[in-house]
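The structure under discussion appears below in the form of structure tokens.
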Amino acid sequence: MNPSEQLPLGARNVVMVYSTVTVTDLDTGENPSFQIVPDHEADISNGKYPKSAPICQALLGTILLSTVETVSLDNKPVRLKVLGIIPQG
């Protein structure tokens, strides 16, 4: 069974720990994808961002097409729109 089939329908559209998220940076137009993971599993060079990072904290609990304002991993202001959510990638 596909892991997303085990989740309640609404959970498939909410950013959670282990979600892979695709966002668009509303200022630069870039569209990065990354997975939000527990801090001890973080590996930024492989697209695994720690859940304690401000960018992840801002995204956790949001839904598809949400917009958030936060700071990036290098502590610069950023405005992001959620374009895709893959649960528990």
*asked:* With rounding to the nearest 0.5 angstrom, report the OG to CD distance, Ser52 to Gln57.
replied: 7.0 Å
*At their closest point, which heavy atom of Ile85 faces which heavy atom of Ile63, and how far apart are they?*
CD1-C, 4.1 Å
_Distance-minimising heavy-atom pair for Thr70 and Pro54_ = OG1-O, 3.2 Å
*Got a second to check how far Ile86's CD1 is from Ser33's OG, nearest 0.5 Å?*
7.0 Å
*Side-chain contact test, heavy atoms from C-beta onward, threshold under 4.5 Å: evaluate it for Val71 versus Val78 and give yes or no.*
no
*Test Val68 against Thr62 for side-chain contact (heavy atoms from CB on, under 4.5 Å), laying out the working first.*
CA-CA 9 Å; Val68 299; Thr62 61; 3.8 Å; yes
_Please give me the minimum heavy-atom distance between Met16 and Leu60, naming the atom from each residue._
C-CD2, 3.5 Å
_Expected output: side-chain Thr28 to main-chain Glu30 donor-acceptor under 3.5 Å_ = yes
*asked:* Under the ring pair (Phe, Tyr, Trp, His ring centres under 6.0 Å) definition, can you give me all pairs with a residue in residues 47-70, not counting sequence neighbours?
replied: Phe34-Tyr49
_Single hit among Gln88, Gln35, Glu41 for side chain to side chain donor-acceptor pair (under 3.5 Å) with Tyr18_ = Glu41
_Main-chain N/O of Lys51 paired with Asp39 side-chain donor or acceptor, under 3.5 Å_ = yes
_Measuring from atom CD of Glu69 to atom CG of Asp27, what distance do you get when rounded to the nearest 0.5 angstrom?_
8.5 Å
*Closest approach of Leu83 and Asn31, non-hydrogen atoms and distance?*
CD1-OD1, 3.6 Å
*Do Pro50 and Ile44 have side-chain heavy atoms sitting under 4.5 Å apart?*
yes
*In chain order, what residues pass the side-chain contact (heavy atoms from CB on, under 4.5 Å) check against Asp74, with sequence neighbours excluded?*
Ser72, Lys76
*Euclidean distance, Leu80 CG relative to Thr22 OG1, rounded to 0.5 Å*: 11.5 Å
*Taking only residues at least two apart or on different chains, which pairs with a member in residues 61-84 satisfy ring pair (Phe, Tyr, Trp, His ring centres under 6.0 Å)?*
none
*Can you tell me how far CZ of Arg79 sits from CG of Leu26, rounded to the nearest 0.5 angstrom?*
5.0 Å
*Is the closest side-chain heavy-atom distance between Ser19 and Ile36 below 4.5 Å?*
no
